[in-house]
Amino acid sequence: PHFMIELPDRDDALCFNINDKPGTIFSLVRDAQSGILVNGQIIGDKKIPPDGKINTYFWRFGIVHKNLGVRLEVNTQDISVFQDGKQIKLLWSDTASLKGPNVDLLVTKDRSLKVTLKDSVKFVILLHKVWEKHPYHRDYLGFYTLDSHLLSPSVHGLLGQFYHGIEYEVTDLRPGEFPEKPDATMFVKGQELNVTRGWQRDFRNDVKNGENVPCWFIHTNGTGLIDGDATDYIVSGLF
Amino acid sequence: ARRLQKRSTNEKTVEVYRVAVDCTVTSRFAHTVMTSMAVNKANVSQEIFFEMELPKTAFITNFSMEIESKMYVGEVKEKEKAKKQYEKAVSSGQTAGLVKASGRKMEKFSVSVNIAAESNVTFILTYEELLQRKLGQYEILTRVKPKTLVQEFEIVTNIYEPQGLSYVDAHATFLSNELLPLVEKTVTDKKARISFSPTMDQQRKCPGCDGTLIDGDFIIKYDVNRQTSLGDIQIVNGYFVHFFAPPDLPRVPKNVVFVIDRSGSMSGIKMQQTREAMLAILKDLHEEDHFALIPFDSSIEPWKESLIKATKENVAEAMAYVKKINDRGATDINGAVLRGVEMLVQGKQSKALPDRSVDMIILLTDGMPNVGVSDTSMIQQNVRSAIGGNMSLFCLGFGNGVDYGFLDVMSQQNKGLARRIYEASDATLQLQGFYDEVSSPLLSEVDLRYPDNAVELLTTNHFKQLFNGSEIVVAGRLMDNDMDNFLVEVFGQGFEEDFKVQGQARALDWGVMYPDEEYIFGDFTERLWAYLTIQQLLDKSKTGASDEKANATAKALDMSLQYSFVTPLTSMVVTKPETEDGPDSPLIADKLTEEQRQQAEKMSGRHYGYASSPPRLAYYPPTPTYFVDGD
């Protein structure tokens, strides 16, 4: 999956990929103070494509808001909400909305799920439906944070660590491997990284084709940009 | 200064009868009343907009509306309390007033009210400011944009300066050859009157058309006579104000270290502007000055290891070096500024720099530190303790990304100033202008002393420097009316010798000085004192220790409420009359902080203010997006 940090203040974006073995679960957001947790599990293609490159995607997200007593499991099949000992199941094949005292859900048929957790976070999960008989690929999900300003300064995770901004500078632009993707030097978190200008797709407005967003790509699983190493974010369970 | 127009432009059913700007300046304290009157000639009610611009250094003191002979008067409230009131209104779909930044010098205030058919409305906005002397002059700036022809249009300014006027100049950006003779200027020794009142025909862009020529800035510049070294002390109604800017003082040589950010984010126009400005500044250095250049990114590489004299040869060499400064790397502000401090300290200790000279550091940067010490409060602490009150730090912040608050506090903690440099085409001039303001110190360690038993509630009376073309202002309250012992002393360090003057202050008899004026502006000295005190408390609320900050904020709030000033701590609330659209709803006038202005500019075109029901007025910050997806 590709991660994207869009910074409209600077009219710029940062991006990186993180891949691991299918089945790995990553911590995306963790805010102990507000009791919020978002974990995602990746899945691989149906079989190894001819180019031998295994692509992985998120197919399942576990979302917990401890303080509100809310738990959500979203996968490519359905959406389950657990609250006060009750479970509600919503299907991607329906358009539905659920308004509760602590959580609002809005499902747009076969397309997106918008989640608002009271006084904490708002996000959208996109469903990418792939032709059922596609020889390699299968359905997968995208996770887009819409509003995170109420989370505490200690929020962390692969996405969460960027919620309160990131300071960086890019300099020394030079030709890269491909003419349309120049390289540059990025100074971030006290390190000097070699980055490449590229783009990644934002699918919020066009779930089929997406929109290209130019970004500085950080190589090797975001090493240097993310705190620690990508493996530090592997967790054992979805909740 | 205002725009009155209807929302629908299908028919011309709103007529603007009167636009008047009445400004009275008494001893630099300017009190401006802007009045706009319009009539809704339609047979249905409609929304009328009132939009005006005022200098950002001014505080609104009143805003009122008169609708069908009924007056709705503004009330200054604590911001949080006012917020509650208008949040209620906003949630019920009413519009609130808006304040947003407008260019470098002004901020815009706009409101709208729904006016019944065949009714008229008069908006009256009052604001006050202490004019600051810069480069040897005071400036009164009035922005007028009536957008339509106005039956009665007038700008009248009366200036009363007991010291006497040395010159008065008036011009406007929209003055054509035809309009120029309409500016009437009468100047006597201590009074000036400038008026401009074109008829409807004279306002017209072309015969028979509705467009108006009146669109731009009306600017009055003046200065006062300076005859005594002690300055001018005026006593009115129990308050005194001391204006200190002695004539004919030789300038003090300065030792200036330019700390120049050349990190990656300065690339392009900012770096180019810095180079250009530095070249112009270097050219203006006086031969007796000493200077150093410290370009920095993640590494700090001074041009020379110590300050050198600004001889022609050295300046030429520095200029050649400046031309080659290029952007690269990250930003180590802490290391670079500390290096500058160290250089100055060493220069003084080794006697390489003259004893009687002023030390200053000018930091040119665009961004947040991200290498070395990157915690801004830690940098402030380090810089403050290294400087130890012995030199001044001036900061120039480039671009909208700059953390201006950080630079502002750091400068104020070190007896300096911060200024934002806007990335417009004239950034070089802005830089030079700032440099001109601070580059000619006349005195250092200026102390203005008054008898302890005669005055109280004194504003700041110690100043690190007095710059050529500026002025020091101190005000306070007199404890009794016995002026026999009101001895005033001023001490400072001049170039060759100490500066020391003393003299006796005496109350002015305004009745004798201005016999024809029945009433000028009775309590202006008290209001001037209040304005100055609030400004200084607001500064202290950013720079002091935490308990000092809290005390300063509380005092500034109290005084803002007492004197009815709209400051960053207060809001002015006017309750609009009930209309068929809904119940009463408040209009709000606010004051922006520099950070809010910067935020507003980032919106570039979007409105700053409190979110209100129509989406076009709402302010939403650009939200960063964080996502993960697959291709």
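So that the names make sense, note that chain A is the first sequence line, chain B the second, and so on, each numbered from 1.
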Just by distance, do the side chain of A:Thr145 and the backbone of B:Tyr626 share a donor-acceptor pair under 3.5 Å?
-> yes

Winner by heavy-atom pair count (cut-off under 4.5 Å) against chain B, out of A:Phe162, A:Tyr168, A:Tyr140 | A:Tyr140

Min side-chain heavy-atom separation B:Val628-A:Leu158 under 4.5 Å = no

Chain B neighbours within residues 192-208 of chain A, where any heavy atom lies under 4.5 Å away = A:Gln200, A:Arg201, A:Asp202, A:Phe203, A:Arg204

Which atoms of A:Tyr57 approach chain B - backbone, side chain, both or neither, heavy atom under 4.5 Å = side chain

Check the surroundings of atom NZ in A:Lys122: do more than 12 heavy atoms from other residues, nucleotides or ligands lie under 6.0 Å from it?
-> no

Going from OG1 on A:Thr171 to CZ on B:Arg262, what distance comes out if it is rounded to the nearest 0.5 angstrom?
-> 10.5 Å

Could you tell me which portion of A:His128 (side chain, backbone, both or neither) has an atom closer than 4.5 angstrom to a non-hydrogen atom of chain B?
-> side chain

Which atoms of B:Ser298 come close to chain A, meaning under 4.5 Å heavy atom to heavy atom: side chain ones, backbone ones, both, or neither?
-> side chain

Which pair of non-hydrogen atoms, one from B:Gly264 and one from A:Glu169, has the smallest distance, and what is that distance?
-> N-OE1, 3.0 Å

Heavy-atom neighbours of B:Lys323 NZ exceed 12 at 6.0 Å = no

Check the side chains of B:Asp629 and A:Tyr144 for a donor-acceptor pair under 3.5 angstrom, ignoring hydrogens and angles.
-> yes

Distance, nearest 0.5 Å, that separates OG1 of B:Thr331 from CZ of A:Phe187 = 9.0 Å

